Trainee: 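Quick one: the structure is below, and I'll ask about it shortly.
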Amino acid sequence: QVQLVESGGGLVQAGGSLRLSCAASGRTSMGWFRQAPGKEREFVAAISWSGGVTGYADSVKGRFTISRDNAKNTAYLQMNSLKPEDTALYYCAAGITRWGKRPSDYDYWGQGTQVTVSS
């Protein structure tokens, strides 16, 4: 059984940084999504089980970095140069197949952690 718990969200000024963590179990690909009020869930980043393959949304490329430590069963999302438009509820997701960019590519979800970026 796969269980996901996100942490690390908070309030930060524009240009600041946050690191999100996802405590996970199971041998799965991992992804990060975000959802702002009134908007659909949006792909942010994903990583394969081995960590050898990663993908990013164009909006975060060069600013965010996804990584994982399988020995600790933990995935991370390092977010730098944060912008107000990054404000959203961030979700960690796990999939039993290859990582993808759609919510339907994933099988398990965390409860979400709020990231708020002020201008």
Side-chain angles (χ1 to χ4, degrees):
Q1 185 175 352
V2 177
Q3 295 182 223
L4 306 178
V5 180
E6 306 99 330
S7 63
L11 175 64
V12 64
Q13 292 185 16
S17 299
L18 287 172
R19 187 176 72 164
L20 306 183
S21 299
C22 178
S25 62
R27 191 176 185 274
T28 60
S29 60
M30 303 294 297
W32 288 95
F33 290 77
R34 65 189 183 187
Q35 188 166 22
K39 297 185 179 296
E40 295 183 346
R41 193 163 298 188
E42 176 189 27
F43 170 77
V44 176
I47 189 168
S48 64
W49 157 251
S50 68
V53 181
T54 59
Y56 297 91
D58 288 342
S59 60
V60 307
K61 196 171 298 183
R63 299 189 297 121
F64 292 9
T65 302
I66 188 171
S67 62
R68 68 191 302 163
D69 185 342
N70 288 343
K72 297 181 178 180
N73 292 317
T74 303
Y76 303 95
L77 184 69
Q78 178 66 45
M79 306 184 295
N80 298 327
S81 301
L82 283 162
K83 305 174 181 179
E85 51 262 45
D86 294 319
T87 296
L89 188 64
Y90 282 70
Y91 294 92
C92 180
I96 60 176
T97 57
R98 299 180 187 274
W99 65 264
K101 297 181 178 181
R102 301 173 298 176
S104 60
D105 292 326
Y106 296 87
D107 304 287
Y108 306 96
W109 295 83
Q111 82 287 353
T113 186
Q114 179 67 39
V115 172
T116 302
V117 184
S118 63
S119 59

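Heavy-atom basis, side chains included; hydrogens, waters and symmetry copies ignored. Keep in mind that this is a model prediction, so the values were computed, not measured.
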Trainee: To the nearest 0.5 angstrom, please state how far the CG atom of L82 sits from the CD atom of Q13.
Mentor: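 Separation between the atoms: 11.5 Å.
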Trainee: Report, one line per pair, each donor and acceptor closer than 3.5 Å where one atom sits in a side chain of residues 43-57; sequence neighbours left out.
Mentor:
{"from": "S48", "atom 1": "OG", "to": "S50", "atom 2": "OG", "distance (Å)": "3.4"}
{"from": "S48", "atom 1": "OG", "to": "G51", "atom 2": "N", "distance (Å)": "3.4"}
{"from": "S48", "atom 1": "OG", "to": "G52", "atom 2": "N", "distance (Å)": "3.4"}
{"from": "S48", "atom 1": "OG", "to": "V53", "atom 2": "N", "distance (Å)": "3.2"}
{"from": "S50", "atom 1": "OG", "to": "G52", "atom 2": "N", "distance (Å)": "3.2"}
{"from": "Y56", "atom 1": "OH", "to": "I66", "atom 2": "N", "distance (Å)": "2.9"}

Trainee: I want to check something: taking the side chain as every heavy atom from C-beta on, are V5 and Q111 in contact at a cut-off of under 4.5 Å?
Mentor: yes
Trainee: Any chance you could lay out the salt bridge (Lys or Arg N to Asp or Glu O under 4.0 Å) test for D86 and K83, step after step, and finish with the verdict?
Mentor: CA-CA 5 Å; D86 294 319; K83 305 174 181 179; over 6 Å; no
Trainee: Quick check: closest heavy atoms across Y106 and S29, and the distance to 0.1 Å?
Mentor: CE2-OG, 4.3 Å
Trainee: Between M30 and C22, what is the shortest heavy-atom contact and its length?
Mentor: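 Where M30 meets C22 most closely, the heavy atoms are CE-SG, 3.8 Å.
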Trainee: So which heavy atom on A14 is nearest to which on S119, and how close?
Mentor: CB-CA, 4.4 Å
Trainee: Verify, without hydrogens or angle tests, whether T74 (side chain) and K72 (backbone) share a donor-acceptor contact under 3.5 angstrom.
Mentor: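 Present.
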Trainee: Between Y108 and I96, does a side chain to side chain contact (heavy atoms under 4.5 Å, CB included) hold up when you go through it step by step?
Mentor: CA-CA 9 Å; Y108 306 96; I96 60 176; 4.2 Å; yes
Trainee: Do the side chains of S17 and N80 get nearer than 4.5 Å, heavy atoms only?
Mentor: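 Heavy-atom side-chain distance check passes, below 4.5 Å.
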Trainee: Rounded to the nearest 0.5 Å, how far apart are CD of Q78 and CZ of R19?
Mentor: 6.5 Å
Trainee: Nearest 0.5 Å, please: how far is CG in D69 from OH in Y76?
Mentor: 5.5 Å
Trainee: Would you sort out whether R34 and V60 count as a side chain to side chain contact (heavy atoms under 4.5 Å, CB included), showing the intermediate values?
Mentor: CA-CA 12 Å; R34 65 189 183 187; V60 307; 4.0 Å; yes
Trainee: Under the side-chain hydrogen bond (donor to acceptor under 3.5 Å, both in side chains) test, which residues partner R98, sequence neighbours left out?
Mentor: none
Trainee: Between A94 and T28, what is the shortest heavy-atom contact and its length?
Mentor: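 Reported closest heavy-atom pair: CB-OG1, 3.4 Å.
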Trainee: Are any non-hydrogen side-chain atoms of R41 and W109 less than 4.5 angstrom apart?
Mentor: yes
Trainee: For the atom pair CD (E6) and CG (L77), what is the distance rounded to the nearest 0.5 Å?
Mentor: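 Going from CD on E6 over to CG on L77, the span is 11.0 Å.
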Trainee: So, for T116 and Q114, which heavy atoms are closest and what is the spacing to 0.1 Å?
Mentor: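 Distance-wise, the nearest heavy atoms are OG1-NE2, 3.4 Å.
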Trainee: Side-chain heavy atoms under 4.5 angstrom apart, residues restricted to Ile, Leu, Val, Met, Phe, Trp, Tyr: same cluster for W32 and W99?
Mentor: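 W32 does not cluster with W99.
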Trainee: Could you give the distance from NZ (K101) to CZ (F33), rounded to the nearest 0.5 Å?
Mentor: 10.5 Å
Trainee: Check whether any side-chain heavy atom of E85 sits under 4.5 Å from a side-chain heavy atom of S59, and report yes or no.
Mentor: no
Trainee: V115: which residues meet the side-chain contact (heavy atoms from CB on, under 4.5 Å) condition with it, sequence neighbours left out?
Mentor: L18, L20, M79, Y90, V117
